[in-house]
> 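Quick one: this structure, given as structure tokens, is what I'll be asking you about.
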Amino acid sequence: MYIFKEIRTLQQFLEAEKKAGKKVGFVPTMGALHQGHISLIDAAREQSDIVVCSIFVNPTQFNDPKDYEKYPITINEDVSKLTAAGTDVLFLPAVAEMYPEGVHGEHRHYDFGYLETVLEGAHRPNHFQGVGIIVHKLLEAVLPDGLFMGQKDFQQCMIVKKLLDIIQLPVQLVICPTRREEDGLAMSSRNLRLSSDERQLATAIFNELIRIKENVNQTPLDELKQNAILNLEQQGFQVDYIEVADANNLRVISAPIPESMVALAAAKLNEVRLIDNMLL
Ligand code: AMP
């Protein structure tokens, strides 16, 4: 596996590969890799000739500075996992490489409209602007054919789809299913920050989503959501939201619709904020 830290050398390498007719698949991550990330690498390998993974903990998407400081970093293990998974290129830039204008410098603003005003957008001010800024910069550096992202971050996938529209890059967005631990907890780098007691409790989010899925056509949505919030709060979670939305546009709904629906959850266990979702 080649490791590049500079955009210029990454681009030199990729240009030669593209000239030789190779299709590039790209998996952007923030590291502390787990099987969920590796499933994206696997999907990219199946659908591309060259697989590029990036690891970059992007400061502009963290609305909570403590969350940024405590974001887990496991670079040696990450390199081993990526090598074992058959990744061709790791792009591992420093903050100054991605933000020559400075993290607090002047950045482009993206009009994500309604999508940015709900759920994660409402609870994490500026988070999706930060996502837009870094995904745009990374896409310009890699210029991939396919971009592989996880359904785990459902709203992020919709934001990135919109970003591709806005910046008019001909990149195919491939959304891969959420990988879970055996007890159902969605794999996440932030799970590394859970104590063993918290880790045991954390699966409750998945259980509540399952309960919503099983009852969506029998019980009023408001009641389902309220019960889920109460159950989580009783177990010590601070709930940011439990919502059911139209999966096509993320409009929050108050009664079931025939089109596809998604239940989305965000809750904190002490210091660690977890998100998950489930198509209903
Ligand atoms: P992150 O490192 O958390 O920024 O995630 C990098 C990519 O991996 C994003 O596209 C995520 O949606 C995806 N991802 C994170 N967790 C999972 C998971 N449990 N299953 C599948 N994809 C995931």
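Side-chain atoms are counted along with the backbone in the values below, which use heavy atoms only and exclude waters and symmetry mates.
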> Is there a side-chain contact between Glu208 and Ile212 in this structure, where contact means two heavy atoms from C-beta onward sitting under 4.5 Å apart?
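When only atoms from C-beta onward are counted, Ile212 and Glu208 do not touch, as no gap falls below 4.5 Å.
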> Counting N and O atoms only, with roles assigned by atom type, does the side chain of Glu116 sit under 3.5 Å from a partner on the main chain of Asp111, one being a donor and the other an acceptor?
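Between the backbone of Asp111 and the side chain of Glu116 there is no qualifying donor-acceptor contact (under 3.5 Å).
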> Counting N and O atoms only, with roles assigned by atom type, does the side chain of Arg179 sit under 3.5 Å from a partner on the main chain of Gly150, one being a donor and the other an acceptor?
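No, the answer is negative, given that no donor and acceptor are paired below the 3.5 Å cut-off.
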> So Ser48 and Asp145, do their side chains get closer than 4.5 Å, heavy atoms only?
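No, too far: nothing below the 4.5 Å cut-off.
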> Are Val171 and Leu173 joined in one hydrophobic group, where the rule is that I, L, V, M, F, W and Y side chains link up if heavy atoms are under 4.5 Å apart?
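Hydrophobic grouping puts Val171 with Leu173.
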> Do Tyr71 and Asn58 meet the criterion of a side-chain donor-acceptor pair at a distance under 3.5 Å?
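No donor-acceptor contact under 3.5 Å links the two side chains.
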> If we only count heavy atoms from C-beta on, is the Asp88 to Val52 side-chain gap below 4.5 Å?
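No - every pair of side-chain heavy atoms lies 4.5 Å or more apart.
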> For Lys22 and Glu17, indicate whether the former's side chain and the latter's backbone hold a donor-acceptor pair under 3.5 Å.
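Looks like no, no N/O pair under 3.5 Å.
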> As a quick check of understanding, evaluate side-chain contact (heavy atoms from CB on, under 4.5 Å) for Leu185 and Arg199, giving each step before the final call.
CA-CA 9 Å; Leu185 173 66; Arg199 168 63 191 83; 3.5 Å; yes
> Can you tell me how far apart CD (Gln35) and CG (Leu40) are? Round to the nearest 0.5 Å.
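It comes to 10.5 Å.
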> Hey, quick one: are Ile55 and Tyr68 part of the same hydrophobic cluster, counting side-chain heavy atoms closer than 4.5 Å, chains of contacts allowed?
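No, it is not one cluster - the side chains of Ile55 and Tyr68 are not joined through contacts under 4.5 Å.
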> Tell me whether Ser254 contacts the main-chain N or O of Asp222 through its side chain, where contact means a donor paired with an acceptor under 3.5 Å.
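Flag not set: sc Ser254 to bb Asp222 has no pair under 3.5 Å.
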> Between Lys225 and Val252, which heavy-atom pair has the shortest distance, and what is it?
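Closest approach of Lys225 to Val252: NZ-CG1, 4.4 Å.
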> Does Gln168 reach the main-chain N or O of Asp165 with its side chain, forming a donor-acceptor pair under 3.5 Å?
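Checking the backbone N and O of Asp165 against the side chain of Gln168, a donor-acceptor pair under 3.5 Å is found.
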> Run the salt-bridge test on Glu120 and Arg273 with the 4.0 Å N-O cut-off and return the result as yes or no.
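Counted as a salt bridge, because a side-chain N and a carboxylate O are separated by less than 4.0 Å.
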> Using 4.0 Å as the upper bound for N to carboxylate O, is an ion pair formed by Lys268 and Asp67?
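Salt bridge: no.
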> Among Arg193, Glu198, Gln238, exactly one meets side chain to side chain donor-acceptor pair (under 3.5 Å) together with Asn270. Which residue is that?
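Of the listed residues Arg193, Glu198, Gln238, the side chain to side chain donor-acceptor pair (under 3.5 Å) partner of Asn270 is Glu198.
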> Going only through I, L, V, M, F, W and Y residues with side-chain contacts under 4.5 Å, is there a path from Leu279 to Ile257?
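No, separate clusters.
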> With no hydrogens and no angle check, is any side-chain donor or acceptor of Gln129 less than 3.5 Å from a backbone partner on Tyr110?
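Yes; at least one donor-acceptor contact below 3.5 Å.
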> Taking everything shown except Glu233 itself, do over 12 heavy atoms lie less than 6.0 Å from its CD?
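Above 12, so yes.
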> Parallel, tilted or perpendicular: which describes the rings of His107 and Tyr99, with under 30° parallel and over 60° perpendicular?
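Rings of His107 and Tyr99: perpendicular, over 60°.
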> Is the closest side-chain heavy-atom distance between Phe154 and Leu250 below 4.5 Å?
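When only atoms from C-beta onward are counted, Leu250 and Phe154 do touch, with a gap below 4.5 Å.
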> Quick check: are there more than 12 heavy atoms from other residues, nucleotides or ligands sitting under 6.0 Å from CG of Asp183?
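Correct, the count exceeds 12.
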> Before giving the answer on side-chain contact (heavy atoms from CB on, under 4.5 Å), spell out for Leu163 and Phe112 the whole-Å C-alpha distance, their side-chain angles and the decisive distance to 0.1 Å.
CA-CA 8 Å; Leu163 177 75; Phe112 296 127; 4.1 Å; yes
> Would you call Glu69 and Lys66 a salt bridge, using N to O less than 4.0 angstrom?
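No, no charged N to carboxylate O under 4.0 Å.
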> Sub-3.5 Å donor-acceptor pair from the side chain of His37 to the main-chain atoms of His34, do we have one?
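Pair found, side chain donor or acceptor close to backbone of His34.
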> Are side-chain heavy atoms of Phe26 and Leu139 found at a separation under 4.5 Å?
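Answer yes - side chains close enough.
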> Indicate yes or no for a side-chain donor-acceptor contact from Lys81 to the backbone of Leu33 under 3.5 Å, with no hydrogens or angles considered.
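Checked: pair present.
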> Can you see which heavy atom on Pro125 is nearest to which on Asn63, and at what distance?
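Taking every non-hydrogen atom into account, O-CB, 3.5 Å.
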> Would a distance-only check, ignoring hydrogens and angles, find a side-chain to backbone donor-acceptor pair under 3.5 Å from Lys18 to Leu143?
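Such a contact is found between Lys18 side chain and Leu143 backbone.
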> What's the spacing between Arg124 CZ and Asp64 CG if we round to 0.5 Å?
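CG of Asp64 is found 8.0 Å from CZ of Arg124.
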> List the atom of Leu209, the atom of Ala265, and the distance in Å for their closest heavy-atom pair.
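Distance-wise, the nearest heavy atoms are CD2-CB, 4.2 Å.
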> Does Met1 belong to the same Ile/Leu/Val/Met/Phe/Trp/Tyr cluster as Ile41, with side-chain heavy atoms less than 4.5 Å apart forming each link?
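Same hydrophobic cluster.
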> Can you tell if the side chain of Val142 reaches within under 4.5 Å of the side chain of Val89, non-hydrogen atoms only?
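SC-SC contact between Val142 and Val89 ruled out.
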> Is there a side-chain contact between Thr203 and Glu181, using heavy atoms and a 4.5 Å cut-off?
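Counting from C-beta outward, Thr203 and Glu181 never come under 4.5 Å.
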> Can you hop from Ile229 to Ile253 via hydrophobic side chains spaced under 4.5 Å?
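Result: yes, single cluster for both.
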> Strictly distance-based, threshold 3.5 Å: is any side-chain N or O of Gln155 a donor or acceptor partner for the main-chain N or O of Val118?
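Pair found, side chain donor or acceptor close to backbone of Val118.
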> Would one find more than 12 heavy atoms of other residues, nucleotides or ligands at under 6.0 Å from atom OH of Tyr2?
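Not more than 12 within 6.0 Å, no.
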> Given the rule in the side-chain contact (heavy atoms from CB on, under 4.5 Å) test, do Phe237 and Asn231 qualify, once you have shown the distances and angles that lead to the verdict?
CA-CA 9 Å; Phe237 287 83; Asn231 289 343; over 6 Å; no
> So how far is it from Phe56 CZ to Leu92 CG, rounded to the nearest 0.5 Å?
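Result: 10.0 Å between the selected atoms.
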> At their closest point, which heavy atom of Ala141 faces which heavy atom of Leu10, and how far apart are they?
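Ala141 and Leu10 have their closest heavy atoms at O-CD2, 4.2 Å.
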> Side-chain contact, heavy-atom cut-off 4.5 Å: Leu147 with Pro28?
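A side-chain contact exists here, since the closest heavy-atom pair is under 4.5 Å.
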> Please say whether more than 12 non-hydrogen atoms of neighbouring residues, nucleotides or ligands are located less than 6.0 Å from CD in Glu106.
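Not buried by this count: 12 neighbours or fewer within 6.0 Å.
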> Ignoring hydrogens and geometry beyond distance, is a side-chain donor-acceptor pair present between Glu259 and Asn248 at under 3.5 Å?
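On atom types as modelled, these side chains do not qualify, holding no pair under 3.5 Å.
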> Rounded to the nearest 0.5 Å, how far does NZ of Lys213 lie from CG of Asn215?
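Atom-to-atom, Asn215:CG and Lys213:NZ are 12.5 Å apart.
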> Are Lys137 and Glu140 close enough, and set up right, to give a salt bridge (Lys or Arg N to Asp or Glu O under 4.0 Å), and what steps lead you there?
CA-CA 5 Å; Lys137 283 173 183 268; Glu140 279 185 336; over 6 Å; no
> Hey, is Asp276 close enough to Arg180 for a salt bridge, meaning N to O under 4.0 Å?
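Salt bridge present between Asp276 and Arg180.
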> When Leu280 is tested against each of Val262, Val244, Asn217 for side-chain contact (heavy atoms from CB on, under 4.5 Å), which residue passes?
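Result: among Val262, Val244, Asn217, Val244 is the only option passing the side-chain contact (heavy atoms from CB on, under 4.5 Å) with Leu280.
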> Distance from Gln61 atom CD to Ile133 atom CD1, nearest 0.5 Å?
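Between Gln61 CD and Ile133 CD1, I get 10.0 Å after rounding to 0.5 Å.
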> Quick check: closest heavy atoms across Ile175 and Cys157, and the distance to 0.1 Å?
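Nearest pair, atom of Ile175 first, then Cys157: CD1-CB, 3.8 Å.
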> With side-chain contact (heavy atoms from CB on, under 4.5 Å) as the criterion, how do Ile275 and Leu264 come out once you've worked through the C-alpha distance, each side chain's angles and the decisive distance to 0.1 Å?
CA-CA 8 Å; Ile275 61 169; Leu264 306 106; over 6 Å; no
> Within this structure, what is the NZ-CZ distance for the pair Lys70 and Arg190, rounded to the nearest 0.5 Å?
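With rounding to 0.5 Å, NZ (Lys70) is 12.5 Å from CZ (Arg190).
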> If every non-hydrogen atom of Leu221 is compared with every non-hydrogen atom of Pro256, which pair is closest and at what distance?
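Closest heavy-atom pair between Leu221 and Pro256: CD1-N, 4.0 Å.
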